[in-house]
There are 2 protein chains.
Amino acid sequence: MPTAAVADPVTTRGELTKRLIVDTALRMFREQGYEQTTMRAIAREAGVSVGNAYYYFASKENLIEAFYEDMQVEHLAHARPVLDASKDFGDRLRGTFHAGIDALAPYHAFAGKFFKTAAEPTSPLHPLSSESEPARNASIALFREVFEGSSAKIDPELRDELPELLWMSYLGVILFWVHDLSPEQAKTRLFIDKSTALVDKLVGLSRLRILRPLSRDLLELIADLKAD
Amino acid sequence: MPTAAVADPVTTRGELTKRLIVDTALRMFREQGYEQTTMRAIAREAGVSVGNAYYYFASKENLIEAFYEDMQVEHLAHARPVLDASKDFGDRLRGTFHAGIDALAPYHAFAGKFFKTAAEPTSPLHPLSSESEPARNASIALFREVFEGSSAKIDPELRDELPELLWMSYLGVILFWVHDLSPEQAKTRLFIDKSTALVDKLVGLSRLRILRPLSRDLLELIADLKAD
DNA sequence: GTCTATAGCAAGATAGAC
DNA sequence: GTCTATCTTGCTATAGAC
């Protein structure tokens, strides 16, 4: 007896509902903050039941995960034109940092709570967690492209580790941005400009013989810390 | 026991009650974790009412503040013998970093929650907050002594900024430690040994003429970020 | 599998009486 | 300063509709 199976639409009903809940939540987070936005209010505003919201998101924090993923995608999109425009390492790095902050900018007020959550070592949102490995790898790959698509030279032994180091620097920039209270986070923009220029110089100098021992020490340190 | 602006002697009834609540809370945090320890349980264990606990501590997080202050005092105490023992900058820095981690060690399991709270930009526990300025200044002064009591030389222009840079490095060490899952946090110990050796070398090299432009850039960056 | 409605728990936080 | 009673909210549970 053949059952008349209903073909699934490209975007299922469930995915639409999920998206509706996420969008509502992120908007409310932006407008009134994370703590002030209750799950009850999100459900009411999205026109679904509380139970339905929890059907798609196991916890309120899980809603932040969606934000995390959105930002990841936005960063790649914002960085693309930069990487297509210049071969200068300093320009590429600076542009890629700025691109990330551009994507984050509308959420600055909310970002403190987001960061607080992600900062906890056991959180799945933590940048070093296994759950965020795909996002992390994508981000590191972006920074690999920043260097490898450039005309810069570097101490060859440092080359393999550079993308990860740049990614960690980017985390540092975000950390700075989260705490930046200057208008429009202007200090973060300044910080990016100055610090990327510094990194650019350091990379160039890394091939100097006097600095070789330093590079070696750095590599050794990294190797030790990666070892189990 | 040094009693700086951090811990005044306790005499009045209110202060006794406050101290009782803090001590009970910190002990319970150590023994069963932060989340697992409810305000009800703290109050019960301390023999006071929940309302009374909230009379002294506006929130559960505020109890962490006491931990913060205790650790500050302990760090200074642990570092003293190190600074009395050697004039070598590398040794002094390494020893001072280890001293801080020694003080923190019993709280490693609990530290993730602590860090999460302190990481929030608006938190009074934040290392950069105005509320924690006294503790911050005491800590920076410690690192000033680390360098100035040593036999090391440095690019004179960097000299004034070094204590603050070392203090920030120390924050980085704590950040590393919080996330260190290795047995006894052995990786943190390794990280301290290797990274302080690196910093020691960098400080020595800072007087090389080739590196002057880098120092200048760094100083300029710091000056810009400090400016209002 | 998707969704509603509702009841209820646990724990952080508060109000108001004494 | 201290208490008891109560509120709020994240989250769960259940029972059922489509």
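A note on names: the letters A, B, ... follow the listed sequences, proteins ahead of strands, and every chain is numbered from 1.
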> Along nucleotides 4-18 of chain D, 5' to 3', which nucleotides get a B, which get an S, and which get a -, given that the test is a protein heavy-atom distance under 4.0 Å?
Replying inline: B----BBBB------
What is the distance, rounded to the nearest whole Å, between atom [atom1] of [X] and atom [atom2] of [N]?
X       : N      : atom1 : atom2 : result
A/Arg44 : C/dT6  : CZ    : P     : 15 Å
B/Met28 : C/dA11 : CE    : P     : 12 Å
B/Tyr56 : D/dC3  : OH    : C1'   : 13 Å
B/Lys18 : D/dT2  : NZ    : C1'   : 16 Å
A/Glu15 : C/dC3  : CD    : C1'   : 16 Å
A/Arg19 : C/dT2  : CZ    : C1'   : 19 Å

> OP1 or OP2 of C/dT4 sitting under 4.0 Å from any side-chain N/O of A/Tyr55?
Replying inline: no
Within the 3.5 Å criterion, strictly below it, is a donor on [X] or [Y] matched to an acceptor on the partner's side chain?
X        : Y        : answer
A/His108 : A/Asp180 : no
A/Asn52  : A/Ser49  : no
A/Asp102 : A/His75  : no
B/Glu61  : B/Ser59  : no

>> I need the single residue from B/His78, B/Arg189, B/Gln185 that forms a side-chain contact (heavy atoms from CB on, under 4.5 Å) with B/Ile101. Which is it?
In response: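 Result for side-chain contact (heavy atoms from CB on, under 4.5 Å) with B/Ile101: B/Arg189.
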>> Can you pull out every salt bridge (charged side-chain N to carboxylate O under 4.0 Å, His left out) where at least one residue sits in residues 20-38 of chain B? Sequence neighbours excluded, please.
In response: B/Arg19-B/Asp23, B/Arg27-B/Glu31, B/Arg27-B/Glu45, B/Glu35-B/Lys113
